[in-house]
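These numbers come from the heavy atoms of this one structure, side chains and all, not from hydrogens, waters or symmetry mates. Start at 1 and go down the list; that is how both ligands and their atoms are numbered.
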Amino acid sequence: MSDISKTSAWKMLEQDVTALAGTSMHQLFADDPSRADHFSMEAAGLFLDYSKNKITGDVVDQLIALAKEADLEGVRGHMFAGEAVNVTEDRAVLHPALRDFSMRDYHVGGENISPLIRTELAKMKAFAASVHSGARKGYSGKPLDTVVNIGIGGSDLGPQMVVEALRPYWIDGRRAFFVSNIDGQHISDTLALLDPETTLFVVASKTFTTQETMTNAQSAKAWFLDKGGADGDIAKHFIALSTNARAGEAFGIDPANIFTFWDWVGGRYSLWSAIGLSIALQVGFDNFEKLLRGAHAMDEHFRTAPLHQNMPVMLALIGVWNRNFMGAASHAILPYDQHLHRLPAYLQQADMESNGKRVTADGEDVSVKTGPVIFGEPGTNGQHAFYQLLHQGTDLISSDFIAAAVSQTELGDHHPILLANFLAQTQALMRGKTEKEAREELAAEGLTKAEIDTLAPHKVFPGDRPTNSILMEKLTPENLGVLIALYEHKIFCQGVIWGINSFDQWGVELGKALAKEILPEIAACGEKKPAAATHDASTNGLIDRINKIRGRI
Ligand code: F6P
C-alpha cells in the first residue's frame, strides 16, 4: 500500500489542524447548536456521540476520504471473504463467521467453514447442558459446580471480561475462576478455594504450548492427583479448548472433551469460539448465544453501512484524527460500569497487540504514528486517581466514556450519580475553565487579590480534551456483544489506514525466547549457581543477585 501520509486527504487534514488552532471545542458548540446531532450516530442498540472531539464537517469529510484512499471498504471485503488478510501468517481473519447464525457460508481456502462452526457450537451447547443439569459428574459422583479457566492473553482476557460483565446472568450456585499468571501464587491462591470433587479445569490455549498455561495446567493436575483424584479421573475434570487436539490428548484429556477452533481465529478474537465455553458454563449457553448475536448485529452494520454512517469506521477515524493530527499518544477506556472493570485490560490486548506495529504489512517502516497506549479504569474510580492528568496534564489524552442508561442493578441514587459523573467529566474535559472564570469563582469565594493571583493558574483547565460517549440501554449479553465487536472493527479500520497487519503479534516473541535461555540460569532455593556470564552486565548482575538470595534461602 502507498504511504498514507502522502495522500491528499492526509495533507488536507494537516491543514485542518492549522485552521482549527485558534478555535476551541467550546466555541464550536456555541457556533452550532446542532453539533451533537451532526456528530453522533446509532447502530445495533449503541449510541455514539463523537461531537466532543475537535472536528468540523470538513475534518470528517477528509477522514472519510482518507479511509477511501486506504481502500478500507476493499480490505473489509477481503476480510469477510476469507482472504488471507493476516499476510505475515498467511491466515484468513474470520472471527465474524463464529457469530453469524444466518445460513450464510464462509469459505477459507475453498473450504466452507460454516458447518464446522455449527458442529462445534452444538458440541459446546451439549457439554454446557450436561454440566448444568448435573448429568456430568466428578470422580466422586458430585456435580461440577466450579470452573477454573486456565489460559492467558486472548484465552483469558476475553472470557474473563465477559464473565465479569455478565455477573447478573450467572447461574445460581456456579463459580468461575480465571488463572493466567505464571506466578505460582495465582494458581495456588485459586486452588486453595477449590474442592477437587466438584471442579472442572478448562485448559484454554489456542496453541496448547504457551508456557504459562501449560505450567499452570500441570500444577492443577498435580494438585488434583494429590487431593484424591486418580489418573483415570483426569478426563472427568480437565477439558481443553484448543486448535491443537494432539497436545490436549497428550495431557490426558478425553478427545471427546477437546473443543476446537481454527487458525483463522486470532487469539485476541477467540472469545466467540470454543474459548467462550467458560462463558457459557457460567452464564448459560443461551446468554452466550445472545452475546454472539449482538456481535453479529454490529458485524452486519460494519459490513453494510456507508462509511460516514458506520460506527466502527467513525470511531476509528476519530481515533486517527486524535492520534496522528492532534498528537494524542494515549487513549483511555473509561467504562462507567463496575461490571466492565476488565474491559480496559481486554482492550489493551485487543488494540495494542493488534496495532502496536512499526512496519507496514509490506515490511516498510511506517511513516506515521500507529496504535496509542490504551489504559483505563471504571468511572468513577479513575476520577479519584488519574483524571487529574487528563484534565490538567501536559499531554493530550483522548478517552472513550461508556455507560448504560439503566443499571443491571438499580439501587437508590447510585446510577443517577454515576451517570451525572459520566456526563460531567466529558463536559469538563471539553469545556475546561478559563483563567477569567477561575478568578471570578475565587473572588466569589471571598479570596483577596493576592490569594487569587496565587491560586488562579492552578484552577485553570485548558479544555479541548477529546472524548467519545458510548451509551447503551443496559449491559445485556447482546449489547456487550455489540460493544466488543465495535472495538474489534475499530481496531481493524485503524490498522488498514496505517497500512499495518493488525492480526499478527511478532513483538511478543523476543522476550519469550530470551526467558527460555535465562530459565536454566535461575537457581532453585538453596542451590549455588556459577556467576552468569553470557548476557549484558545488567542482566548478569541481576541474575547473580537473585541467585545469591535464592541460594541463601
Ligand atoms: O503471547 C501472545 C499470545 O500469542 C496472544 O496472542 C495469545 O492470546 C496468547 O499468547 C495466548 O496464546 P494461546 O491461546 O496459544 O495459549
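For D100, the salt bridge (Lys or Arg N to Asp or Glu O under 4.0 Å) partners at least two apart in sequence or on another chain are R104.
Cation-pi geometry between R99 and W272 is satisfied (NZ or CZ under 6.0 Å from the ring centre, within 45° of the ring normal). Figure legend: cation-pi geometry between K123 and F259, with NZ or CZ positioned under 6.0 Å from the six-membered ring centre and within 45° of its axis. R293 forms a cation-pi arrangement with F101, by the criterion of a distance under 6.0 Å to the ring centre and an angle within 45° of the ring axis. For the pair K206 and F261, the cation does not sit on the ring face, since its NZ or CZ is not both under 6.0 Å from the ring centre and inside 45° of the axis.
Within the 4.0 Å heavy-atom shell around ligand 1 one finds Q349. Under the 4.0 angstrom criterion for non-hydrogen atoms, E509 is not in contact with ligand 1.
Near T207, meaning under 4.0 Å from any of its heavy atoms, are these atoms of ligand 1: 13 (P), 15 (O), 16 (O). Near V508, with a cut-off below 4.0 Å to any heavy atom, the atoms of ligand 1 are 1 (O), 2 (C). Interface atoms of ligand 1 facing S155, defined by a heavy-atom separation under 4.0 Å, are 13 (P), 14 (O). Below 4.0 Å from some heavy atom of G153 lie the following atoms of ligand 1, by number and element: 8 (O). Close approach of ligand 1 to K512 (heavy-atom distance below 4.0 Å) involves ligand atoms 1 (O). Every atom of ligand 1 is numbered from 1 in the order shown, and the set under 4.0 Å from a heavy atom of T210 is 12 (O), 13 (P), 15 (O), 16 (O).
What sits closest to atom 8 (O) of ligand 1 on the protein, heavy atoms only, is G154 N, 2.7 Å.
Protein heavy atoms are absent from the 4.0 Å sphere centred on atom 10 (O) of ligand 1.
Classified by interplanar angle (parallel below 30°, tilted 30° to 60°, perpendicular above 60°), the ring pair H489/F80 is tilted. Using a 30° and 60° split on the angle between ring planes, F251 and F238 fall in the tilted class, from 30° to 60°.
Residue pairs meeting the salt bridge (charged side-chain N to carboxylate O under 4.0 Å, His left out) criterion with at least one member in residues 175-203, sequence neighbours excluded, are K142-E197.
Looking at ligand 1, you'll find an N or O of E353 within less than 3.5 Å of one of its N or O atoms.
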